[in-house]
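Everything below concerns the one structure shown next.
Along the sequence shown, residues are numbered consecutively beginning with 1.
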Amino acid sequence: MQTISTYNFKGKKALIRVDFNVPLNEKFEITDDTRMRAALPTIKKVIEGGGSPIIMSHLGRPKNGPEAIFSLKPLVNHLSELLGGATVKIAPDCIGDEVKAMANNIQPGEVLILENLRFYKEETKGDEDFASKLAENGDCWINDAFGTAHRAHASTAVIAKNFPNDKMFGYLIESEVESLDKVVKAPQRPLTAIMGGAKVSSKITIIENLLDTVDNLILGGGMTYTFVKANGGKVGNSICEDDFIETARNIERLAKEKGVKLIIATDVVAADDFSANANTQIIPANEIPDGWQGLDAGPESIARFKEVIENSGTILWNGPVGVFEIEKFAAGSRAIGEAIVEATEKGAFSLVGGGDSVACVNQFGFADGVSYISTAGGALLEYLEGKSLPGIAAVRGE
Ligand code: AMP
């Protein structure tokens, strides 16, 4: 398999699939360029190696062919600035003779952005002809869009067939996969996963998959109450999925069978309303009166969570353990973040992923204290579920 670090880009047009799906305001100004910045190391590597990056991305959700509001044109100047003034051109389309001619005329060090891939429904359908036409614009293919790696789209996976010996990961995917594998494939033990968020139903496949690898599993947030009810506790008005009570019992049984230590809150911060003005009390998780709901882990639970986390070799965190958006119910998630930072300082590898836990880590200012933050959403979750991601398999030739 080729790698971006060793590939010779001299004189090559490198098709790079990036995720430039950035938010734009009504004046078509970029309001958050994180995704563009994330792709810079790969783009710069091609330029420094004497090649020309040909950028492919989608933007938004165009429905029926080209729509001006989803054009990639507003990104041209900003990409040039991010690349220290490099010449950045935009093609009028992503396939066709005119685009091919522009790609052929591009000089080393210049960048060409192809127009929005999703102006063609063939992109998301993974159409082979369309993928071949895209491939005609380059000499090699780099996949650097981890966020879409779980999709078998033309530019993220199908195109690989056109570059049997000239395909590779970009730096972003490479580091995502390396970091995830430190959790999934070869973790320093003990491995602790903290799964939070609102519902068991949205996390069940990951939880089941993690039971095969983790030593400790902390389940928090709204999921707590489905487990509490499964054990005969009173959950009052807490969020609870009655349809998943059997699933919760099954998870507990499997954890026992596999020797996984399952840790669920025993005390909670209960509130008489889902709001910042609610009255609160700390009570046992299984004695929540009607009219009250559990919205955060209590101090006894937090102490147990912290002890487990601080003694871990690898930590995965997905989902807050309380309604962290409201300060009154943020203590549990903040304590988890603090414990992860402490464990990381002592040498543990920590990975935080999934939208809300990333928001949590940023809100509490812990981003620099964890080993890796993954912003990949769906692709991250599918990787943790143990699924093969088409965008990764295609590069590896699996
Ligand atoms: P998810 O997208 O499934 O990771 O869920 C994240 C959301 O779960 C956050 O917005 C939290 O506010 C919410 N959440 C966490 N704990 C609870 C709880 N005990 N009750 C209701 N919502 C919760």
Side-chain angles (χ1 to χ4, degrees), residues 192-204 206-207 216-249 251-252 262-310 317-341 352-366:
T192 299
I194 306 132
M195 300 296 293
K199 293 177 168 180
V200 184
S201 51
S202 59
K203 303 280 161 90
I204 183 65
I206 304 177
I207 293 174
N216 307 304
L217 180 58
I218 296 175
L219 293 180
M223 275 190 271
T224 310
Y225 308 97
T226 306
F227 283 84
V228 169
K229 195 163 178 185
N231 285 299
K234 279 185 60 189
V235 299
N237 291 28
S238 308
I239 186 170
C240 179
E241 291 174 284
D242 287 335
D243 294 353
F244 280 79
I245 286 184
E246 233 6 84
T247 310
R249 290 197 183 115
I251 291 171
E252 288 187 324
L262 194 61
I263 304 122
I264 297 173
T266 46
D267 63 340
V268 297
V269 179
D272 60 359
D273 190 20
F274 191 104
S275 83
N277 302 321
N279 296 304
T280 62
Q281 55 174 331
I282 291 162
I283 47 175
N286 57 0
E287 290 176 22
I288 304 175
D290 286 342
W292 291 73
Q293 51 189 308
L295 294 181
D296 196 11
E300 179 186 285
S301 311
I302 291 176
R304 279 170 59 234
F305 294 169
K306 284 184 90 152
E307 197 196 329
V308 171
I309 293 167
E310 283 165 13
W317 184 19
N318 173 271
V321 297
V323 181
F324 76 100
E325 298 93 333
I326 301 175
E327 184 52 35
K328 268 185 182 167
F329 312 116
S333 302
R334 184 181 283 117
I336 297 251
E338 278 166 2
I340 294 177
V341 170
V352 180
D356 273 322
S357 24
V358 175
C360 232
V361 160
N362 288 332
Q363 181 177 316
F364 301 141
F366 295 142

Legend entry - Rounded distance (nearest 0.5 Å) linking atom CD1 of Ile207 with atom CD1 of Ile251: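 Ile207 atom CD1 to Ile251 atom CD1 measures 4.5 Å (nearest 0.5 Å).
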Legend entry - NZ on Lys199 to CZ on Phe244, rounded to 0.5 Å: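 Interatomic distance, Phe244 CZ to Lys199 NZ, rounded to 0.5 Å: 9.5 Å.
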Do [X] and [Y] come close enough that some side-chain heavy atom pair is under 4.5 Å?
{"X": "Arg249", "Y": "Ile245", "result": "yes"}
{"X": "Phe227", "Y": "Leu219", "result": "yes"}
{"X": "Asp296", "Y": "Ile326", "result": "no"}

Sequence-distant partners of [X], side-chain hydrogen bond (donor to acceptor under 3.5 Å, both in side chains), two or more places apart:
{"X": "Thr192", "result": "Asn216, Ser312"}
{"X": "Glu338", "result": "none"}
{"X": "Asn231", "result": "Glu252"}

Run the side-chain contact (heavy atoms from CB on, under 4.5 Å) test against [X] and tell me which residues pass, sequence neighbours left out.
{"X": "Asn286", "answer": "Val228, Pro284"}
{"X": "Ala339", "answer": "Lys306, Ile309, Glu310"}
{"X": "Glu327", "answer": "Ala330, Arg334"}

Enumerate donor-acceptor pairs with a distance under 3.5 Å from any side-chain N or O in residues 232-243 to protein atoms, sequence neighbours excluded.
unit_1: Asn237; atom_1: OD1; unit_2: Gly291; atom_2: N; d: 2.9
unit_1: Ser238; atom_1: OG; unit_2: Val235; atom_2: O; d: 2.7
unit_1: Ser238; atom_1: OG; unit_2: Gly294; atom_2: N; d: 2.9
unit_1: Glu241; atom_1: OE1; unit_2: Val200; atom_2: N; d: 2.7
unit_1: Glu241; atom_1: OE1; unit_2: Ser201; atom_2: N; d: 3.2
unit_1: Glu241; atom_1: OE2; unit_2: Ser201; atom_2: OG; d: 2.5
unit_1: Asp242; atom_1: OD1; unit_2: Lys229; atom_2: NZ; d: 2.9

Donor-acceptor pairs under 3.5 Å, side chain of residues 267-283 to any protein atom, not counting sequence neighbours: which ones?
unit_1: Asp267; atom_1: OD1; unit_2: Ser301; atom_2: N; d: 2.9
unit_1: Asp267; atom_1: OD1; unit_2: Ser301; atom_2: OG; d: 2.5
unit_1: Asp267; atom_1: OD2; unit_2: Glu300; atom_2: N; d: 2.9
unit_1: Asp272; atom_1: OD1; unit_2: Asn279; atom_2: N; d: 2.8
unit_1: Asp272; atom_1: OD2; unit_2: Asn279; atom_2: ND2; d: 2.7
unit_1: Asp273; atom_1: OD2; unit_2: Ser275; atom_2: OG; d: 3.2
unit_1: Ser275; atom_1: OG; unit_2: Asn277; atom_2: N; d: 3.2
unit_1: Ser275; atom_1: OG; unit_2: Ala278; atom_2: N; d: 3.4

Quick one: closest heavy-atom pair of [X] and [Y], and the distance?
{"X": "Arg304", "Y": "Ile263", "result": "NH2-CG2, 3.4 Å"}
{"X": "Trp317", "Y": "Val361", "result": "CZ3-CG2, 3.7 Å"}
{"X": "Phe305", "Y": "Ala297", "result": "CE1-CB, 3.8 Å"}
{"X": "Pro320", "Y": "Cys360", "result": "CB-SG, 4.1 Å"}
{"X": "Phe364", "Y": "Ser333", "result": "CE1-C, 3.8 Å"}

Legend entry - Donor-acceptor pair, side chain of Asp356 and main chain of Gly197, under 3.5 angstrom: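 No, Asp356 side chain to Gly197 backbone: no donor-acceptor pair under 3.5 Å.
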